2 protein chains.
Amino acid sequence: MTSVLVVDDDSYLLRALRITLQAHGYDVATAADGRSALLAAQQHPPGLVILDLGLPDMDGAAVIRKLRTWSRVPVLVLSARHGSQDKVDALDAGADDYLTKPFGLEELLARLRALLRRSADTDQPAAIMTDAFTVDLGKHRVTRDGQDIRLTPTEWKMLEVLVRNPEKLVTQQQLLSEVWGPAYAKETNYLRVYMAQLRRKLEPEAATPRHLITEAGIGYRFQP
Amino acid sequence: MTSVLVVDDDSYLLRALRITLQAHGYDVATAADGRSALLAAQQHPPGLVILDLGLPDMDGAAVIRKLRTWSRVPVLVLSARHGSQDKVDALDAGADDYLTKPFGLEELLARLRALLRRSADTDQPAAIMTDAFTVDLGKHRVTRDGQDIRLTPTEWKMLEVLVRNPEKLVTQQQLLSEVWGPAYAKETNYLRVYMAQLRRKLEPEAATPRHLITEAGIGYRFQP
DNA sequence: GGGGATCTTGACGAATCCCTGACGCAGCGC
DNA sequence: GCGCTGCGTCAGGGATTCGTCAAGATCCCC
């Protein structure tokens with residue numbers, strides 16, 4: 001879920017944006033002035049910032065410049081001012097888009113999607129690490145001591161399901177139906193065979209697994 | 001010098017934009033309809049596209065979608081229409097910004113700078129190098145030991161898809177649908193044939209590839 | 001229309017992977 | 001102690017998949 005930081009001193013607009021954005025599946029944080037906005041962005045780095053220029057404590061462009069000293073998060077500026085110079089200032093300070101009030105919510109959402117699409121190119125999907133091996137879901141790759149580990153398609157699928165649910169218990173039925181299909185829900189044999197292969201390839205001591213843990217009678221669990 | 005492709009059927013506006021952009025140090029190419037715009041973008045890939053929606057031959061959103069099938073160049077849309085739906089359509093088709101006429105030149109230039117600044121982050125270096133060969137995506141050229149390597153169109157497309165996703169695993173379906181089209185998702189034969197040709201032309205030892213790596217049962221990976 | 005490059009298609013060993021059954025072991029209830 | 005269940009291990013046969021080659025089919029430029 002993408003997190004959006006909305007910065008505006010108009011509490012009414014703030015609430016309206018929060019509701020709309022949450023309804024569209026975004027995770028929303030808010031701030032009412034420049035100082036708290038910068039603080040919030042630092043403590044919980046958002047995936048995107050919506051920034052009103054008319055803040056009580058700081059100039060909008062100054063907020064952007066401050067933010068840009070350490071973050072490249074996409075910034076969409078809102079403003080009541082139509083003046084061309086305001087737009088130029090904000091954009092050159094580091095903003096990515098500029099929308100003048102009043103604006104349509106549909107347009108705001110579309111511009112948001114465009115910005116996020118762009119930034120998704122650079123954002124690396126985080127790799128999950130343990131002290132023994134690293135799983136990079138984006139690159140579809142597993143490394144151990146810097147060395148690539150060759151996994152067969154089935155091994156990978158199984159590892160993927162487990163890694164996507166870190167620390168959570170994945171039932172045997174869930175694993176079987178996600179890897180082999182719903183029709184194989186009874187073939188718990190498969191799990192034992194492939195789990196053993198995974199452990200041989202990934203665990204330092206396959207006999208005493210520390211990251212690929214079996215919960216007897218129920219399923220398996222991935223421990224980062 | 002950044003090159004900008006301006007697409008507009010209004011020859012007056014086209015000339016005005018050309019003069020303004022050139023005065024600001026951009027290298028300008030122009031096109032008057034969708035078909036020639038796509039052709040121009042393919043033959044001389046620009047660093048940015050300014051696209052008027054009101055083209056005589058194609059729907060604007062369609063032009064963007066076509067372009068997006070093989071290019072991620074930033075697209076700034078111009079339009080006389082203020083309707084929110086037009087903006088949403090264009091942005092969701094893959095545009096990065098939308099400006100309604102009449103617009104201030106200063107604002108256009110500022111938005112242009114913002115887009116170029118953003119794309120500078122993602123732009124891959126013009127040439128991707130390995131210790132065996134070099135791929136220049138912009139110039140559409142592959143060299144090895146300083147010598148140009150002749151690739152057939154299909155070979156190039158396949159190499160391009162792989163090189164655009166360095167280190168990432170590209171699935172067979174992804175490769176097939178990007179090179180041959182979605183209807184060919186089953187023809188894994190093609191991949192084997194062309195991958196062999198690529199390796200013969202690019203790998204020092206085609207028998208033990210180090211840069212064009214196959215992941216059995218899943219796909220292929222380019223290793224810089 | 002001719003000739004060359006390029007793209008499809010089929011076939012073949014070789015390598016790899018998936019499934020299967022058998023066996024031993026540990027934990028548990030009786 | 002004994003049977004039962006669930007788990008880990010192993011090895012081999014059958015099925016896929018891969019790399020390779022070569023023969024048409026097709027396209028395109030002259």
Side-chain angles (χ1 to χ4, degrees), chain A residues 140 142 148-162 169-181 183-222, chain B residues 140 142 148-162 169-181 183-222:
Chain A
H140 206 285
V142 186
D148 270 27
I149 302 286
R150 280 183 49 82
L151 294 186
T152 72
T154 310
E155 287 165 4
W156 171 262
K157 272 199 226 159
M158 203 159 98
L159 179 63
E160 189 179 16
V161 174
L162 288 170
L169 176 67
V170 183
T171 65
Q172 298 176 343
Q173 280 67 29
Q174 196 178 340
L175 262 175
L176 284 165
S177 76
E178 291 210 38
V179 177
W180 282 270
Y184 293 73
K186 296 270 170 78
E187 310 284 345
T188 57
N189 265 348
Y190 298 3
L191 296 180
R192 295 207 293 279
V193 173
Y194 282 95
M195 187 57 68
Q197 290 178 3
L198 271 182
R199 286 185 179 136
R200 247 200 309 279
K201 291 185 177 180
L202 300 179
E203 291 275 4
E205 304 166 57
T208 59
R210 288 186 307 171
H211 305 105
L212 300 171
I213 296 165
T214 126
E215 303 275 345
I218 311 178
Y220 293 85
R221 178 198 311 277
F222 168 67
Chain B
H140 208 280
V142 186
D148 270 27
I149 303 284
R150 276 186 52 80
L151 294 186
T152 72
T154 309
E155 287 166 5
W156 171 261
K157 270 201 218 162
M158 201 158 103
L159 180 63
E160 190 179 17
V161 174
L162 287 169
L169 191 148
V170 184
T171 65
Q172 299 175 343
Q173 280 66 30
Q174 198 178 339
L175 263 175
L176 284 165
S177 76
E178 292 209 35
V179 177
W180 283 271
Y184 292 73
K186 295 268 169 78
E187 309 285 343
T188 57
N189 265 350
Y190 297 3
L191 296 181
R192 295 207 295 278
V193 173
Y194 281 96
M195 186 59 65
Q197 290 178 3
L198 273 181
R199 292 209 255 246
R200 251 199 306 280
K201 291 185 178 181
L202 300 179
E203 291 275 4
E205 304 165 56
T208 59
R210 288 186 307 171
H211 305 104
L212 300 171
I213 295 165
T214 129
E215 301 273 344
I218 311 177
Y220 294 85
R221 183 198 306 277
F222 168 67

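Naming: A, B, ... by sequence-line order, numbering from 1 per chain. Given the structure is predicted, the values throughout are model-derived calculations rather than measurements.
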A.B. asks: Which pair of non-hydrogen atoms, one from Pro153(A) and one from Gly217(B), has the smallest distance, and what is that distance?
C.D. replies: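 Looking at all heavy atoms of both residues, the closest pair is CG-CA, 4.0 Å.
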
A.B. asks: What is the distance from CD of Glu187(A) to C1' of dG6(D), rounded to the nearest Å?
C.D. replies: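 Result: 16 Å.
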
A.B. asks: Looking at side-chain heavy atoms only, is the closest gap between Val161(A) and Phe222(A) below 4.5 Å?
C.D. replies: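 Answer no - side chains too far apart.
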
A.B. asks: Between residues 171-181 of chain B and DNA chain D, which residues have a heavy-atom gap below 4.0 Å?
C.D. replies: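 The answer is Gln172(B).
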
A.B. asks: Strictly below 4.0 Å: does Arg192(A) bring a side-chain N or O up to OP1 or OP2 of dC10(D)?
C.D. replies: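 So the side chain of Arg192(A) is outside the cut-off, no N or O lying under 4.0 Å from OP1 or OP2 of dC10(D).
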
A.B. asks: Any heavy-atom pair between the side chains of Leu159(A) and Tyr194(A) that's under 4.5 Å?
C.D. replies: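 No, side chains not in contact.
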
A.B. asks: How would you list all residue pairs meeting salt bridge (charged side-chain N to carboxylate O under 4.0 Å, His left out) that involve residues 207-216 of chain B, not counting sequence neighbours?
C.D. replies: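 As it turns out, the salt bridge (charged side-chain N to carboxylate O under 4.0 Å, His left out) pairs with a partner in residues 207-216 of chain B, which skip direct neighbours, are Asp131(B)-Arg210(B), Glu215(B)-Arg221(B).
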
A.B. asks: How long is the line joining CE of Met158(B) and P of dC7(C), in whole Å?
C.D. replies: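 Atom CE in Met158(B) sits about 11 Å away from atom P in dC7(C).
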
A.B. asks: What closest approach, in Å, do Leu151(A) and Trp156(A) show between heavy atoms, and which atom pair accounts for it?
C.D. replies: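 Between these two residues, the closest heavy atoms are CD1-CE3, 3.8 Å.
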
A.B. asks: If we ignore hydrogens and angles and just use 3.5 Å, is the side chain of Glu203(B) paired with the main-chain N or O of His211(B) as donor and acceptor?
C.D. replies: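 Between the backbone of His211(B) and the side chain of Glu203(B) there is a qualifying donor-acceptor contact (under 3.5 Å).
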
A.B. asks: Name the closest nucleotide to the Asn189(B) side chain, picking from dC17(C), dT9(C), dT6(C).
C.D. replies: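 Among the listed nucleotides, the one closest to the side chain of Asn189(B) is dT9(C).
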
A.B. asks: Hey, can you pull the residues of residues 193-206 of chain B with a non-hydrogen atom under 4.0 angstrom from DNA chain D?
C.D. replies: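 Heavy-atom contacts with DNA chain D come from Val193(B), Ala196(B), Arg199(B), Arg200(B).
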
A.B. asks: Counting C-beta onward and ignoring hydrogens, is there a side-chain heavy-atom pair between Trp180(A) and Glu187(A) closer than 4.5 Å?
C.D. replies: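 Not in contact.
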
A.B. asks: Compare the minimum distances between each of dC17(C), dC7(C), dT20(C) and the side chain of Tyr190(A), then state the nucleotide with the smallest one.
C.D. replies: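 The answer is dT20(C).
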
A.B. asks: Need to verify one output field. Residue with the more 5' nearest nucleotide on DNA chain C, Tyr184(A) or Thr154(B)?
C.D. replies: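 Per heavy-atom nearest nucleotide, the more 5' residue is Thr154(B).
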
A.B. asks: Verify the contact: side-chain N or O of Thr152(B) to OP1 or OP2 of dC7(C), cut-off strictly under 4.0 Å; return yes or no.
C.D. replies: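 Checking dC7(C) against Thr152(B), a side-chain N or O does come within under 4.0 Å of OP1 or OP2.
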
A.B. asks: Between atom CD in Glu155(A) and atom P in dC17(C), what is the gap in whole Å?
C.D. replies: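 From Glu155(A) CD to dC17(C) P: 8 Å.
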
A.B. asks: Between Thr214(B) and Arg199(B), is any pair of side-chain heavy atoms under 4.5 Å apart?
C.D. replies: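 Result yes, sub-4.5 Å side-chain heavy-atom pair found.
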
A.B. asks: Working to the nearest 0.5 Å, report the span between CG of Leu176(B) and OG1 of Thr188(B).
C.D. replies: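 Rounded to the nearest 0.5 Å, the CG-OG1 separation comes out at 7.0 Å.
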
A.B. asks: Just to verify, which of Lys201(A), Arg150(A), Arg200(A) counts as forming a salt bridge (Lys or Arg N to Asp or Glu O under 4.0 Å) with Glu155(A)?
C.D. replies: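 Checked Lys201(A), Arg150(A), Arg200(A) against Glu155(A); only one passes salt bridge (Lys or Arg N to Asp or Glu O under 4.0 Å): Lys201(A).
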
A.B. asks: Using a 4.0 Å heavy-atom cut-off, write out nucleotides 24-30 of chain D from 5' to 3' as B (base contacted by protein), S (sugar-phosphate only) or - (no contact).
C.D. replies: -------

A.B. asks: So for the helix from dG1(C)-dC30(D) to dC30(C)-dG1(D), with five pairs setting each end axis, what is the inter-axis angle to 10°?
C.D. replies: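 Computed angle between terminal axes is 30°.
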
A.B. asks: Atom CG of Leu151(A) to atom P of dC18(C): distance rounded to whole Å?
C.D. replies: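 One finds 10 Å between P of dC18(C) and CG of Leu151(A), rounded.
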
A.B. asks: Give, for atom CG of Leu169(A) and atom OH of Tyr220(A), the distance between the pair rounded to the nearest 0.5 Å.
C.D. replies: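 The distance works out to 11.0 Å.
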
A.B. asks: Can you confirm whether Leu212(B) sits close enough to Met158(B) that some side-chain heavy atom of one is under 4.5 Å from a side-chain heavy atom of the other?
C.D. replies: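 SC-SC contact between Leu212(B) and Met158(B) ruled out.
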
A.B. asks: Is any side-chain heavy atom of Glu178(A) closer than 4.5 Å to a side-chain heavy atom of Lys157(A)?
C.D. replies: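 Counting from C-beta outward, Glu178(A) and Lys157(A) never come under 4.5 Å.
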
A.B. asks: Any residue in residues 208-222 of chain B with a heavy atom nearer than 4.0 angstrom to DNA chain D? Just list them by number, or reply none.
C.D. replies: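 Heavy-atom contacts with DNA chain D come from Thr214(B), Gly217(B), Tyr220(B).
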
A.B. asks: Once you round to the nearest 0.5 Å, how far does OG1 of Thr152(B) lie from CD of Gln197(B)?
C.D. replies: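 Thr152(B) atom OG1 to Gln197(B) atom CD measures 6.5 Å (nearest 0.5 Å).
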
